[in-house]
Amino acid sequence: MCRVIDLVKTGKNIERLLSERGLTARDVQQRLGFAERRPVYFWIQGKNLSSIDNLFMLAEMLQVPIDEILIPKDEYKPQGSVNEHDRSS
């Protein structure tokens, strides 16, 4: 069994961590060198998760370990399980 990241809870956690530090999506955009803020808003909204490189830089910016940013789902998925999206590929 392996744990899965809860994108929505992680997004809310990112929003909380930014707020506690007085940082905005624009600050993250500028620090990570993005052309626009959309990727940051997608993280906050739980639509997707950043790349590991960007997550590493975000953790440094927030001054927390990566595992304090990511929130796991309560349930576990069996290792090697295939979801519907993977089957159609």
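Owing to the predicted nature of the structure, the values given are computational and were not obtained by experimental measurement. By convention here, the first residue in the shown sequence is residue 1.
- Of all the heavy atoms in V40 and Q29, the pair that sits closest is CG2-N, 4.1 Å.
- Contact annotation: the side chain of D67 never approaches that of L70 to less than 4.5 Å [non-hydrogen atoms, C-beta and beyond].
- Of the inter-residue distances, the one linking L17 atom CG with E68 atom CD reads 8.0 Å to the nearest 0.5 angstrom.
- Within the 4.5 Å cutoff, side-chain heavy atoms of N48 are placed close to those of W43.
- With contacts defined as side-chain heavy-atom distances shorter than 4.5 Å, the pair M61/M57 does not qualify.
- Taking CZ from R38 and CD from Q45, the interatomic distance works out to 10.5 Å, rounded to the nearest 0.5 Å.
- With rounding to the nearest 0.5 Å, the separation of CG in L32 from CG in D53 is 10.0 Å.
- Side-chain heavy atoms closer than 4.5 Å link hydrophobic residues (I, L, V, M, F, W, Y) into clusters, and following such links, even through other members, never connects L55 to V4.
- Looking at I14 and I69, their side chains come closer than 4.5 Å, going by heavy atoms from C-beta outward.
- Here the CG atom belonging to L58 is positioned 11.0 Å from the CD1 atom belonging to I52, to the nearest 0.5 angstrom.
- Considering all non-hydrogen atoms of both residues, K73 and R3 come closest at O-NH2, 3.7 Å.
- Transitive grouping of hydrophobic side chains (ILVMFWY, heavy atoms separated by less than 4.5 Å) keeps V28 and Y41 in distinct clusters.
- Judged by distance alone, the side chains of D27 and T24 do bring a donor and an acceptor atom under 3.5 Å apart.
- Contact of the K12 side chain with the D6 side chain is not registered, since no non-hydrogen atoms from C-beta on lie closer than 4.5 Å.
- The 12-atom threshold is not exceeded at CD of Q63, counting heavy atoms of other residues, nucleotides or ligands nearer than 6.0 Å.
- F56 and L18 fall within the same hydrophobic cluster, defined by Ile, Leu, Val, Met, Phe, Trp and Tyr side-chain heavy atoms under 4.5 Å apart, directly or through other members.
- Note: the hydrophobic cluster containing V8 does not contain I71 (ILVMFWY, side chain heavy atoms under 4.5 Å, direct or indirect links).
- Closest approach of P65 and A59 over heavy atoms only: C-CB, 4.3 Å.
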